[in-house]
Every structure is written in structure tokens, then in C-alpha cells.
Amino acid sequence: MYRPVNHGYIETIIGPMYSGKSEELIRRLKRAKIAKQNIVVFKPQIDDRYSKENVVSHSGDSIEAIPISNSNQIYDYIDEKTQVVGIDEVQFFDDNIVDVAIDLADQGIRVITAGLDMDFKGEPFGPTPRLLAVSEFVDKIQAICSVCGQPATRSQRLINSKPARYNDPIILVGAVESYEARCRKCHVVYHEDK
Ligand SMILES: Nc1ncnc2c1ncn2[C@@H]1O[C@H](COP(=O)(O)OP(=O)(O)O)[C@@H](O)[C@H]1O
Ligand SMILES: Cc1cn([C@H]2C[C@H](O)[C@@H](COP(=O)(O)O)O2)c(=O)[nH]c1=O
Ligand SMILES: [Zn+2]
């Protein structure tokens, strides 16, 4: 694909749940739209929490998005006019999403991704660590700890109001019924062997 000027790069917005990643992604994409840039937004199909075809923040901001089940599907919606690509919930994709982001940036596209850096156990989540390494710009943002009010960097999973167990599955789509924002001190994971 021919692009006359190569100004591509990757921006990544990371943090725990409720930290404002989707709000910030939507804000940047809406500004690009105001600048009359050609944008395309993607989200993983499994995230049907608030909407199937929009990125929606916990506070209700939204922008139209294409749900995809495989990162290579992004290429079906990109052409020589595409200037900005947004990808939300990037942690749910496989590692190939990083190669797609690199390829798009190499083609001159501004790629803006948002996702969780850590899972409910406080461990690196899916492709995010590698994505951070190759991004030109990274913004790590915080929520408010639901226990103590300090800046929250972790996502607390609660099952029947109790901390989730270490061996529980990593993926569980949800919001306030299953997750709270917590700081390091207030974040709890239940280890059955301890
Ligand atoms: N504990 C919390 N800390 C900060 N914001 C919260 C919290 N709980 C709910 N919110 C709401 O969530 C919004 C951020 O939502 P969103 O952008 O979807 O976050 P993220 O994509 O990081 O999960 C905030 O503007 C606020 O209205
Ligand atoms: C911590 C954690 C989260 N999830 C899920 C829960 C939500 O559906 C998304 C995160 O959404 P947000 O826009 O950041 O609020 O991820 C999960 O599947 N596993 C986890 O460990
Ligand atoms: Zn706390």
C-alpha cells in the first residue's frame, strides 16, 4: 500500500479497570475525527458488555467500533485512506495484535491502543507487555481505590463479594458486578495453598 509520508507510530493507554482508558481512547479518536482524519476503531468480539458495535466507557462515552475475533481481520477494513486506527481491550487479543500494530505504524498509520496491563492476579495480561515495549508513547493511568481512595493500579475480581482465587480463569468479561479498582495495598488474590 503506497503512503506518501510515513508518520506512523503506536500510542498505548494502560491501567486498571475504571482508570479512564476507554474515555481517553475515545477522546483522542474524536479529536482525530474533528481534524477530518480517516479513523477506524476495533474491539474484540468477546467484549459485548455495554454494546457489540461501540467502544463504551463506564461513564457512558461511546464511539462506533468494529467487533473482530482475530487481529488479522483489521486488514479487511484498512485502505490507503486510513490515517488512525483505534483498538480497545487490547489484552483480549492474541500476540499477533502487536505485529499488526507494528505493521500499521510502519505503513504510516497512527495506532492508538488501550487495555489492561495486569490481570486480576496482578500479572502481565496477554499481549500488553510486548505492546508496551514497541509503543512510541505509553500513558499509564490510575483509577481510585474503592477501599482506601488512593490511586488504584490493580483490578480486584470479586466472586460473590469475595476475592477471586489465583487459579480462576484469566478471562471473565464484566464490570461492577465482578470488579473493583484497588491500590497495591488493598488488592487481594486468594491463594488456596496458603
Ligand atoms: N474506582 C473508580 N475510579 C475512577 N473512576 C471510576 C471508578 N469507578 C467508576 N469510575 C468511572 O469510570 C470512568 C472511566 O471509565 P472507562 O474509561 O471505561 O475506564 P477503563 O476503560 O479504564 O475501564 C470514570 O470517568 C468514572 O466515571
Ligand atoms: C482484570 C481482568 C479483567 N477482565 C475483563 C473485565 C472487563 O470485561 C475487561 C476490562 O475492561 P475495562 O474497559 O478495562 O474496564 O477485562 C478479565 O477478563 N480478566 C481480568 O483478569
Ligand atoms: Zn487502597
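Computed over heavy atoms, backbone and side chain alike; hydrogens, waters and symmetry mates excluded. All ligand and atom numbering here is 1-based and tracks the order in the structure. Keep in mind the model is a prediction, meaning the values are calculated, not measured.
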Contact with ligand 1 for [X], non-hydrogen, under 4.0 angstrom:
X    : result
A152 : no
S146 : no
S19  : yes

Discussion item. Just checking Y9 against F137, ring centres under 6.0 Å apart?
Written reply: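 Under 6.0 Å, so yes.
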
Worksheet item: Using the benzene-type ring in the case of Trp, are the ring centres of F120 and H187 under 6.0 Å apart?
Response: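 Aromatic pair excluded; centres sit 6.0 Å or further apart.
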
Worksheet item: Does A114 approach ligand 1 within less than 4.0 angstrom via side chain, backbone, both or neither, non-hydrogen atoms only?
Response: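 It is neither; nothing of A114 touches ligand 1.
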
Worksheet item: What residues come within 4.0 Å of ligand 2, counting heavy atoms only?
Response: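 M17, K21, R49, H58, E89, Q91, F92, L116, D119, F120, F125, S155, R157, I170, I171, L172, V173, G174, Y179.
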
Can you find an N/O atom of [X] closer than 3.5 Å to an N/O atom of ligand 1?
X    : answer
I144 : yes
S57  : no
G20  : yes

Worksheet item: Measuring from R182:CZ to T153:OG1, what's the distance to the nearest 0.5 Å?
Response: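 Reported to 0.5 Å precision, the distance equals 12.0 Å.
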
Quick one: do the [X] and [Y] side chains pair a donor with an acceptor below 3.5 Å?
X    : Y    : result
S22  : S57  : no
E23  : S59  : yes
E123 : Y166 : yes
R165 : Y190 : no

Practice prompt. Could you check H191 against N167 for side chain to side chain contact (heavy atoms under 4.5 Å, CB included), going step by step and ending with a plain yes or no?
Written response: CA-CA 8 Å; H191 289 260; N167 290 329; over 6 Å; no

Worksheet item: Are V90 and I78 connected in the hydrophobic side-chain network, where two residues link if heavy atoms are under 4.5 Å apart?
Response: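 Cluster IDs for V90 and I78 match.
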
Worksheet item: Do you reckon L104 sits in the same ILVMFWY cluster as V98, going by side-chain contacts under 4.5 Å, direct or chained?
Response: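 Result: yes, single cluster for both.
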
Worksheet item: Salt bridge between D139 and R28, side-chain N to carboxylate O under 4.0 Å?
Response: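 Yes, charged N to carboxylate O under 4.0 Å.
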
Worksheet item: Does R49 come within less than 4.0 Å of E89, counting only side-chain N to carboxylate O?
Response: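 A salt bridge links R49 with E89.
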
Discussion item. Holding to side-chain hydrogen bond (donor to acceptor under 3.5 Å, both in side chains), I want the full list of residues that pass it with R27, two or more places apart in sequence or in another chain.
Written reply: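 Scan of R27 (side-chain hydrogen bond (donor to acceptor under 3.5 Å, both in side chains), adjacent residues dropped) gives E24.
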
Worksheet item: What count do you get for protein N/O/S atoms less than 2.8 Å from the Zn ion (ligand 3)?
Response: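 Those protein atoms number 4 in total.
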
Show me which atoms of ligand 1 lie under 4.0 Å from any heavy atom of [X].
X   : result
S59 : 27 (O)
P16 : 22 (O)
M17 : 23 (O)

Worksheet item: Is there a donor-acceptor pair closer than 3.5 Å between any side-chain N or O of Y18 and the backbone N or O of V176?
Response: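 Present.
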
For [atom], the protein heavy atom that lies nearest, with its residue and separation:
atom                    : answer
atom 12 (O) of ligand 1 : H58 CB, 3.5 Å
atom 7 (C) of ligand 1  : Y18 CB, 3.5 Å
atom 24 (C) of ligand 1 : E23 OE2, 3.6 Å

Practice prompt. Going by the side chain to side chain donor-acceptor pair (under 3.5 Å) test, name the single residue among E11, H7, E136, Q37 that passes it with R110.
Written response: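 So, applying the side chain to side chain donor-acceptor pair (under 3.5 Å) to R110 and each of E11, H7, E136, Q37, only E11 qualifies.
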
Item to complete: Tell me, please, which residues at least two apart from N72 pass side chain to side chain contact (heavy atoms under 4.5 Å, CB included).
Response: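 Applying side chain to side chain contact (heavy atoms under 4.5 Å, CB included) to N72 gives N70, Y75, N96, V100.
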
Worksheet item: Looking at atom 2 (C) of ligand 1, is any protein heavy atom nearer than 4.0 Å to it?
Response: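 Protein heavy atoms within 4.0 Å of atom 2 (C) of ligand 1 - there is at least one.
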
